[in-house]
Amino acid sequence: MFDHLDTTQTVRELDALRAALGERKITFHGSSYGTLLGAQYAETYPRRVRAMVLESVMDHSVATTRDFLRSEAATEKDSFDEFVKWCEGAEELHGRDIRTVWQGLLARAGRGELEDPETPGTALSSPDLVNKIAFRNFYQADYAGLATAIAGLDRSKPLPASPTSIAQLPSATPVFCSDWHLPVRDYEEYASLVAMMNATAPDLPHLLPIQMTAACLGSPTANPQHHLDTNTAPPTWCPARCTTPPPATRGRFRWPGSVTRGLVHGGRRERLPHRPRRPTTG
């Protein structure tokens, strides 16, 4: 089954669904990882798409592990910065220094003293604080929910210090492994990638993409990164955001432009370098 989890397989399944419905063309809307499906469907079957909206685009031509992880960290930093600004006019946490409150929660989680609101009596780890609490609310664009969660955690009584464990990776991790070739040579490179992400997004250590990258080391990549190539693309809109992103985050917001250029202007289909993976060691 693992050999049939990549997005090119889902492209074929989507086209089978189109045919079963008797539709000559489809209109496609994809968000986040779904944009990879839309872009590759349009690349494979360009004359079978009426129009597409690809929202929060994944750019499958990002060549290196470092560039991919830097872009992901910059995106989350931008989300956290926007959340801090939003809190200035919100009732929850009004007048508080949000970054100081958040760093205090990270410290408590690191000591195993922060109670998991979903499983009372057990400690919430720092990675789960970042990914289950912050990242999940960013993904849902729920700043109010995040503010409420942070306020509740801040008011909670500390647990006795204890070891913590992190939640399992998302069930879609094998799909990610099948679509992304993100090699890491050794522990030294892995540590430098972690340090780079922490420097890019200092409020959000332990982000999920670095965990998934590590989990995928050594697994086969059936659908590695490549530049999109189609000369007959459908009308495509790739919304990113309405304001100009700050310099530190502009790499991530080049992704919609890269995908649009690949779909609209076509070009030579170029497989990016595919080197055998080696697991991290340390």
Side-chain angles (χ1 to χ4, degrees), residues 1-65 67-69 71-72 75 139 170-183 208-209 212-213 215-216 219-240 251-275 277:
M1 181 180 292
F2 193 92
D3 293 336
H4 301 279
L5 294 176
D6 62 280
T7 294
T8 58
Q9 300 291 330
T10 312
V11 163
R12 297 186 184 96
E13 293 169 0
L14 179 59
D15 194 59
L17 180 60
R18 174 203 60 79
L21 293 173
E23 296 290 338
R24 190 171 65 88
K25 294 185 175 183
I26 65 171
T27 300
F28 185 92
H29 176 278
S31 295
S32 190
Y33 211 85
T35 64
L36 184 57
L37 172 60
Q40 293 198 350
Y41 185 88
E43 180 183 39
T44 307
Y45 304 111
R47 299 185 184 278
R48 299 178 187 177
V49 184
R50 185 179 299 108
M52 290 196 306
V53 176
L54 304 180
E55 179 185 15
S56 299
V57 167
M58 297 287 292
D59 180 8
H60 200 231
S61 71
V62 177
T64 71
T65 306
D67 285 346
F68 176 82
L69 294 175
S71 294
E72 291 285 2
T75 301
Y139 192 84
S171 58
T173 299
V175 177
F176 179 87
C177 296
S178 298
D179 283 331
W180 293 90
H181 175 63
L182 300 171
L208 186 60
M212 295 181 72
T213 297
C216 292
S219 65
T221 308
N223 178 37
Q225 300 98 295
H226 67 272
H227 296 289
L228 288 169
D229 178 15
T230 176
N231 294 315
T232 55
T236 303
W237 182 37
C238 296
R252 175 63 172 86
F253 295 101
R254 284 196 295 266
W255 287 12
S258 175
V259 171
T260 301
R261 284 191 299 274
L263 289 171
V264 174
H265 301 297
R268 181 167 54 90
R269 183 182 177 91
E270 177 185 346
R271 288 281 174 181
L272 299 171
H274 189 147
R275 297 179 297 276
R277 294 171 186 254

If you take all heavy atoms of [X] and [Y], which pair is closest and at what distance?
| X | Y | result |
| --- | --- | --- |
| Pro170 | Leu208 | CG-CD2, 3.9 Å |
| Ala63 | Gln225 | O-NE2, 4.0 Å |
| His227 | Ser61 | ND1-CB, 3.4 Å |
| Leu54 | Gly38 | CD2-CA, 4.2 Å |

Any side-chain heavy atom of [X] within less than 4.5 Å of one from [Y]?
| X | Y | answer |
| --- | --- | --- |
| Phe176 | Leu36 | no |
| Pro183 | Thr65 | yes |
| Glu43 | His226 | yes |
| His60 | Leu228 | no |
| Asn223 | Ser178 | no |
| Asp59 | Ser71 | no |
| Leu37 | Val11 | yes |

Measuring from atom [atom1] of [X] to atom [atom2] of [Y], what distance do you get when rounded to the nearest 0.5 angstrom?
| X | Y | atom1 | atom2 | answer |
| --- | --- | --- | --- | --- |
| Thr221 | Asp6 | OG1 | CG | 9.5 Å |
| Thr35 | Met58 | OG1 | CE | 6.5 Å |
| Met212 | Leu69 | CE | CG | 11.5 Å |

Not counting sequence neighbours, list each pair that qualifies as a salt bridge (charged side-chain N to carboxylate O under 4.0 Å, His left out) and has a residue in residues 12-22. Asp15-Arg18, Asp15-Arg48

Identify every side-chain donor-acceptor pair in residues 24-33 under 3.5 Å, counting partners at least two apart or on other chains, and give the distances.
| residue | atom | partner | partner atom | Å |
| --- | --- | --- | --- | --- |
| Thr27 | OG1 | Arg50 | NH1 | 2.7 |
| His29 | NE2 | Glu55 | OE1 | 3.3 |
| Ser31 | OG | Glu55 | OE1 | 3.1 |
| Tyr33 | OH | Asp179 | OD2 | 2.7 |
| Tyr33 | OH | Trp180 | NE1 | 3.3 |

